[in-house]
Number of protein chains: 2
Amino acid sequence: MTVSSLAIASAALATDACDSCPIRHRAVCASCEGEELDRLAEMKTYRSWKAGDVIAMEGDELPFVASLVTGCASLTRTLEDGRTQMVGLLMPSDFLGRPGRRMAAYEVTAATDVTLCMFKRGAFEVMLADTPNVSRRLLEMSLDELDAAREWMVLLGRKTAREKVATLLAIILRRASNDAAPLRAQLPLTRDAMASYLGLTIETVSRQMTALRKAGVIELDGTRGIACHDLAALLTEAGDDEDGTFLS
Amino acid sequence: MTVSSLAIASAALATDACDSCPIRHRAVCASCEGEELDRLAEMKTYRSWKAGDVIAMEGDELPFVASLVTGCASLTRTLEDGRTQMVGLLMPSDFLGRPGRRMAAYEVTAATDVTLCMFKRGAFEVMLADTPNVSRRLLEMSLDELDAAREWMVLLGRKTAREKVATLLAIILRRASNDAAPLRAQLPLTRDAMASYLGLTIETVSRQMTALRKAGVIELDGTRGIACHDLAALLTEAGDDEDGTFLS
DNA sequence: AAGGCGCCTTGATGCAGGTCAAGCGACGTG
DNA sequence: CACGTCGCTTGACCTGCATCAAGGCGCCTT
């Protein structure tokens with residue numbers, strides 16, 4: 001409403017990680033007009049967690065919805081006997097919390113240090129109801145997540161351990177480095193978290209990582225750093241080396 | 001707009017499977033007002049497929065969105081080497097097609113005989129844009145599907161073959177019979193489709209079905225009929241019978 | 001009636017990935 | 001410094017499911 005809040009809004013529009021938008025993405029900001037941005041700016045608060053912190057347990061009251069600003073968080077489901085499967089991996093600009101449902105359906109854990117931009121449910125849902133641009137964007141984001149979940153199901157149901165690990169590494173490498181070989185990244189996940197993502201055990205993940213390294217398709221730098229000159233090789237040739245060239 | 005179309009709308013409201021609503025569900029119809037129902041009635045057309053028919057291949061142009069009226073259809077993804085994983089199972093009132101994307105992202109196959117209620121994309125999207133009730137309902141449905149996909153991921157990633165089969169049977173039994181033991185159903189899926197759903201082979205599905213029958217937790221009637229007096233037993237005790245009582 | 005086909009079941013065997021166990025390097029703490 | 005812990009790796013072994021193969025049953029066609 002005031003000149004200063006509009007100035008903040010314009011500044012936000014100049015970056016990809018828009019600061020004033022619940023969905024934290026330029027595509028939305030571009031369609032948010034002044035008044036909406038003002039309302040959002042008044043609703044939001046920030047909060048941070050350390051790597052490993054549990055942000056919410058399954059069944060907890062989650063009195064906010066939020067947009068992930070920095071870091072990486074996971075959604076996991078645990079069966080009665082303790083088996084656990086990751087079912088969501090949130091990266092910056094991803095949305096957390098379901099409008100209209102206060103209970104957390106999954107355990108939410110900070111994989112790395114995390115900052116959330118949080119909105120009180122009441123205010124957010126009022127805004128959703130009378131801001132078609134934002135609700136349409138939220139629908140798009142849900143459908144993108146559904147597509148991602150379906151790709152993930154193919155991975156869980158049909159891929160071999162080596163393909164699983166290669167696929168996950170490729171996803172992370174692509175997100176981290178915007179092209180320009182060699183692709184490099186710091187893994188935001190522990191081996192445990194990777195195993196949970198992939199439906200494998202930690203030992204199998206570890207073995208496949210060293211197998212990929214020995215096959216020459218990736219390089220490891222310490223326990224978190226990875227590099228890859230050829231994503232295609234990672235994804236297709238992974239599992240060759242039949243003559244054992246790299247093992248001798 | 002006319003008296004007769006309003007009459008049709010009211011009649012539709014009296015049943016759960018609403019005939020005039022793109023989302024085919026009373027919850028939506030209850031929030032759809034007269035004018036919207038009229039517009040929907042003018043947009044829709046019906047079309048049927050036989051069991052086994054391919055409704056759309058991955059990458060096909062899908063010039064409509066639709067609501068599944070009767071029967072059961074599957075979404076599947078196939079890897080380059082032919083491995084295939086089901087990633088969606090549509091039942092009556094489920095929605096098919098993504099607004100804003102004309103390409104089919106998955107192969108759509110009729111599991112049983114199927115009828116779709118179809119809407120031209122252009123008209124549907126115009127209506128979406130200025131009908132908040134319907135677009136909100138579509139968001140809810142997407143989020144429900146996302147939850148279902150995540151349950152499915154737990155199944156694919158962490159459950160044993162026996163648990164997988166038991167879980168699928170329980171889902172079908174619950175949908176088919178509204179309580180009142182013994183639960184009975186005709187499976188809408190072939191063993192092949194079940195294997196595709198579960199990330200297993202057809203042989204393993206078959207073996208687990210007979211194991212569950214021998215353990216006494218289900219009965220089989222021909223190849224498609226199943227019954228179960230005790231869902232809890234199916235889901236928890238599945239895999240016991242350690243002393244072989246039922247095998248002697 | 002014979003033959004063929006689609007769908008399902010059952011058996012024998014092999015292997016990918018799980019399980020159990022040991023050890024290693026980095027880091028923090030008394 | 002010794003010690004414990006945490007995250008990771010590696011090895012040895014085992015098992016659940018895939019694979020390969022055969023056969024049964026219902027149904028259609030000729």
Side-chain angles (χ1 to χ4, degrees), chain A residues 50-53 79 81-85 109 111-112 155-166 168-169 186-214 218-226 238-242 247, chain B residues 50-53 79 81-85 109 111-112 155-166 168-169 186-214 218-226 238-239 242 247:
Chain A
K50 287 278 165 202
D53 287 353
L79 298 175
D81 62 359
R83 283 174 291 175
T84 182
Q85 173 67 49
T109 309
T112 64
L155 177 147
L156 290 171
R158 296 297 173 188
K159 291 192 180 177
T160 64
R162 186 171 290 212
E163 291 170 317
K164 285 178 173 182
V165 171
L168 175 56
L169 294 182
Q186 288 296 116
L187 296 175
L189 301 179
T190 62
R191 296 288 186 274
D192 252 303
M194 291 177 65
S196 176
Y197 184 108
L198 298 170
L200 296 172
T201 60
I202 180 177
E203 293 96 329
T204 299
V205 172
S206 182
R207 276 187 252 271
Q208 296 303 332
M209 295 280 286
T210 80
L212 290 171
R213 177 174 55 71
K214 286 184 179 162
I218 61 170
E219 281 140 38
L220 301 179
D221 173 20
T223 170
R224 292 299 190 95
I226 68 168
D240 288 4
D241 187 30
E242 286 170 13
L247 301 175
Chain B
K50 286 279 166 202
D53 287 354
L79 298 174
D81 62 358
R83 282 174 290 174
T84 181
Q85 173 67 49
T109 309
T112 63
L155 177 147
L156 289 171
R158 298 296 173 188
K159 292 193 179 176
T160 65
R162 186 171 291 213
E163 291 171 316
K164 285 178 172 182
V165 171
L168 175 57
L169 294 181
Q186 289 295 116
L187 296 174
L189 301 180
T190 62
R191 297 288 186 273
D192 252 303
M194 291 176 65
S196 176
Y197 184 108
L198 298 170
L200 296 172
T201 60
I202 181 177
E203 294 96 329
T204 299
V205 172
S206 182
R207 277 187 252 271
Q208 297 303 332
M209 295 279 287
T210 80
L212 290 171
R213 177 174 55 73
K214 286 184 178 162
I218 60 170
E219 282 140 37
L220 301 179
D221 174 20
T223 170
R224 292 297 189 98
I226 68 168
E242 287 170 14
L247 301 175

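Within every chain, numbering begins at 1; the chains are lettered A, B, ... in the order of the sequence lines, protein sequences first and strands thereafter. Because the structure is a prediction, the values reported are computed rather than measured.
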Tell me the interatomic distance from [X], atom [atom1], to [N], atom [atom2], rounded to whole angstroms.
X       : N       : atom1 : atom2 : result
R83(A)  : dG16(D) : CZ    : C1'   : 13 Å
D221(B) : dG26(D) : CG    : P     : 13 Å
K164(B) : dG16(D) : NZ    : C1'   : 11 Å
R213(A) : dC8(D)  : CZ    : P     : 15 Å
I202(B) : dC7(C)  : CD1   : P     : 9 Å
K50(B)  : dG6(C)  : NZ    : C1'   : 18 Å
L198(B) : dA18(D) : CG    : C1'   : 15 Å
L220(A) : dT9(D)  : CG    : P     : 7 Å

- prompt: Where the side chain of R83(B) meets the backbone of R158(A), is there a donor-acceptor pair that is under 3.5 Å apart?
  reply: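 Yes, the answer is positive, given that a donor and an acceptor are paired below the 3.5 Å cut-off.
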Non-hydrogen atoms of [X] and [Y] that approach each other most closely:
X       : Y       : value
A211(A) : R162(A) : CB-NH2, 3.2 Å
A111(B) : A51(B)  : O-CB, 3.7 Å
A161(B) : T204(B) : CB-CG2, 3.7 Å

Between the protein and nucleotides 17-26 of chain C, list the N/O to N/O atom pairs that are separated by less than 3.5 angstrom.
from    : atom 1 : to      : atom 2 : distance (Å)
dG17(C) : OP1    : A161(A) : N      : 2.8
dG18(C) : OP2    : T201(A) : N      : 3.4
dG18(C) : OP2    : T201(A) : OG1    : 3.2
dG18(C) : OP2    : T204(A) : OG1    : 2.6
dT19(C) : O4     : R207(A) : NH2    : 2.8
dC20(C) : N4     : E203(A) : OE2    : 3.1

field: Heavy-atom side-chain contact between L79(B) and E163(A) under 4.5 Å
entry: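 In short, these two side chains do not touch, never coming nearer than 4.5 Å.
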query: Does the side chain of Q85(B) reach to within under 4.5 Å of the side chain of L156(B), using non-hydrogen atoms?
result: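 A side-chain contact exists here, since the closest heavy-atom pair is under 4.5 Å.
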- prompt: Does a nitrogen or oxygen in the side chain of T223(A) sit under 4.0 Å from OP1 or OP2 of dC8(D)?
  reply: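 Yes, because at least one side-chain N or O of T223(A) sits under 4.0 Å from OP1 or OP2 of dC8(D).
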